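Here is the structure we will look at.
Everything numeric in this text was worked out from a predicted model, so none of it was measured.
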Amino acid sequence: MFEASEDQPARGLSTRCVHAGEHLDAQGAIHAALYNHSTFGFRSTADLLDVVEGRKEGNLYTRYGLNPTIRSLEEKLADLEYGERAYAFASGMAAEAATFLAHVESGDHVVCIGDVYGGTYELLAVNLPRLGIETSFLLADEIDSLPSVLTDRTRIVFFETPTNPTLDVIDVGAVARMARTMGAITVVDNTFATPVNQNPLALGADLVIHSATKYLGGHSDLTGGAVVGRKDLLEPIWMWRKNLGQMIAPEVAFLLGRSIRTLVVRVRAQNATAGKVAEFLAGHPRVVRVNYPGLGGGSNLARGQMRGFGGMLSFVLEGDAEETARVVDRLQIFSIAASLGGVESLVTQPITTTHHGMSPEERHRRGIVDGMVRLSCGLEDADDLVADLKQALEQA
Ligand code: PLP
């Protein structure tokens, strides 16, 4: 990490995206090289034992993360999120699963606040209970009741902010303070906001998770994940990653490091485009609601904890699932797809993809209605995206 000092002031985010974690190797490659190797050799048994027994840092075996391409990526990720360390994973879900498995055990309790990605909901509502771990779910506007839900067995308070797909903003500092009084850690999924718009660790969270498949990768051509935070909280996660074999592949780590170098320019452009699209939709007669943290300048909370409002938004049409699908199907630039955060704009009805597995009652309780459409704004011209939405809303 670039530490600030008298002769070396703290560097800006764009500089860190390009340079953090990059070290010239023996060949002078200008960026971290791709080491596809699964294993690394030693000149002597003593040298090998130095690495195995932790006396020296070194490369050993890629599934352990002891691979130069993966280390370089992890240094960059830790720097961008102001963490002591980062671990990269094969996917965002792998990062989440390892984090929960490392920090909760049978009899423990987890609290999940607000809407979360459907896979995360399934992990918390179906997988963890099978291991004797109970999860309480609070809506985003219920954080005042957090103290009454926390118990002496609560180990993790987890949330996304902004949330998926309702884009609610949750107060990271307030939740972290409440969780800490009961000895629980706060884990924030920062996938939607990215380190460009928000740094949960700086706001008081203990660990940050990313689906790197989204904005960090940014081109819809890789699957990866990350956990960032304090070393003592990451150490137990390392062993789960190793033994579940959830390591990111070196090729993917290389591609992800390449993508992160352009993260700031991409996300700032996506912030601006989503703002324009949200304003257009808010003024359209067929749209009954727009969910975007920056709408109308953003709430005090959103402005206080975010530097930009992101490229994601959702809106609600007056109409059932079929009528909504007709609008979605008429879009020409937005592709109908489940993911987000890429250079190309994507559209999805959450009830058909990300939240398809959630019961209709639970979706209704969370405001994930049949007329909801979620947009991921890419890098196309904002005017073209607005024109595409206009023709779809008016002709469908
Ligand atoms: N977190 C959020 C906010 C997501 O949207 C997703 C996937 O859509 C995940 C986590 C899971 O990430 P992955 O698909 O990389 O496992």
Side-chain angles (χ1 to χ4, degrees), residues 78 81-87 95-117 120-121 123-125 127-129 131-164 166 168-193 195 197-210 226-238 240 293 299-306 365-366:
E81 284 289 17
Y82 299 100
E84 278 183 336
R85 182 168 286 178
Y87 290 140
E96 283 184 37
T99 300
F100 283 108
L101 290 171
H103 285 283
V104 289
E105 59 187 31
S106 181
D108 285 346
H109 175 237
V110 171
V111 180
C112 175
I113 307 176
D115 297 317
V116 286
Y117 164 60
T120 306
Y121 179 77
L123 178 72
L124 296 174
N127 296 135
L128 293 190
L131 304 177
I133 297 149
E134 191 204 334
T135 303
S136 302
F137 292 93
L138 289 181
L139 298 180
D141 60 5
E142 292 175 341
I143 72 163
D144 289 345
S145 38
L146 179 59
S148 63
V149 175
L150 292 169
T151 75
D152 58 359
R153 294 305 303 258
T154 310
R155 297 283 173 260
I156 293 183
V157 177
F158 178 91
F159 58 96
E160 299 175 10
T161 180
T163 64
N164 181 7
T166 46
D168 293 308
V169 177
I170 296 175
D171 189 334
V172 178
V175 171
R177 278 192 296 280
M178 290 187 246
R180 201 161 293 132
T181 58
M182 290 300 283
I185 60 168
T186 300
V187 181
V188 176
D189 181 332
N190 203 28
T191 300
F192 269 35
N197 290 328
Q198 170 178 282
N199 291 114
L201 297 180
L203 295 166
D206 298 291
L207 290 173
V208 170
I209 289 189
H210 279 280
V227 184
V228 191
R230 284 202 324 263
K231 279 186 192 165
D232 63 316
L233 294 176
L234 281 168
E235 257 153 34
I237 299 174
W238 187 82
W240 279 100
S299 64
N300 286 342
L301 173 59
R303 282 201 309 274
Q305 70 179 25
M306 302 181 80
R365 196 172 84 86
R366 292 167 175 274

Walk me through whether Tyr117 and Asp189 qualify under side chain to side chain contact (heavy atoms under 4.5 Å, CB included). CA-CA 10 Å; Tyr117 164 60; Asp189 181 332; 5.6 Å; no
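- Shortest non-hydrogen contact noted between His103 and Leu233 is NE2-O, 2.8 Å.
- In this structure, the separation between CD1 on Ile185 and CZ on Arg230 is 8.0 Å, given to the nearest 0.5 Å.
- From Ile237, atom CD1 reaches atom CD1 of Ile209 across 7.0 Å, with rounding to the nearest 0.5 Å.
- Counting only N and O atoms by type, the side chains of Thr163 and Thr166 include a donor and acceptor under 3.5 Å apart.
- Judged purely by atom type and a 3.5 angstrom limit, Asp115 has no side-chain atom pairing as donor or acceptor with the backbone of Asn164.
- Residues Phe159 and Val188 are in side-chain contact: their nearest non-hydrogen atoms beyond the backbone lie under 4.5 Å apart.
- Between Leu138 atom CG and Cys112 atom SG the span is 8.5 Å, to the nearest 0.5 Å.
- Pro293 approaches Val169 most closely through the heavy-atom pair CB-CG2, 3.7 Å.
- Going from atom NE2 of His210 over to atom CD of Glu96 covers 12.0 Å, rounded to the nearest 0.5 Å.
- Side-chain contact between Arg85 and Leu234: present, with at least one pair of heavy atoms (C-beta onward) separated by less than 4.5 Å.
- Under the 4.5 Å side-chain criterion, counting only non-hydrogen atoms from C-beta, Phe158 is not in contact with Thr135.
- In this structure, CG on Leu207 lies 7.5 Å from CG on Leu201, to the nearest 0.5 angstrom.
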I'd like to know whether Arg153 forms a side chain to side chain contact (heavy atoms under 4.5 Å, CB included) with Glu134, so could you lay out the CA-CA distance, the side-chain angles of the two residues, the decisive distance to 0.1 Å, and finally the verdict. CA-CA 10 Å; Arg153 294 305 303 258; Glu134 191 204 334; over 6 Å; no
From CA spacing to verdict: side chain to side chain contact (heavy atoms under 4.5 Å, CB included), Val228, Asn190: CA-CA 10 Å; Val228 191; Asn190 203 28; over 6 Å; no
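- For the pair Leu150 and Val157, the minimum side-chain heavy-atom distance is below 4.5 Å.
- To the nearest 0.5 angstrom, Arg155 atom CZ is 4.5 Å from Asp108 atom CG.
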How far apart are the C-alpha atoms of Asp171 and Gln305, what are their side-chain angles, what is the distance that settles it, and do they pass the side chain to side chain contact (heavy atoms under 4.5 Å, CB included) test? CA-CA 8 Å; Asp171 189 334; Gln305 70 179 25; 4.2 Å; yes
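- Of all non-hydrogen atoms in Thr161 and Ile170, the two that sit nearest each other are OG1-N, 2.9 Å.
- When every heavy atom of Val110 is checked against every heavy atom of Phe100, the shortest pair comes out as CG1-CE2, 3.8 Å.
- Asp206 is listed as a side-chain neighbour of Arg180, based on a closest heavy-atom distance under 4.5 Å.
- Shortest non-hydrogen contact noted between Phe137 and Arg365 is O-NH2, 4.1 Å.
- Taking all atoms of both residues into account, the shortest heavy-atom contact from Leu101 to Leu131 is CD2-CD1, 3.7 Å.
- A distance-only check finds a donor-acceptor pair linking the side chain of Ser299 to the backbone of Ala302 [under 3.5 Å].
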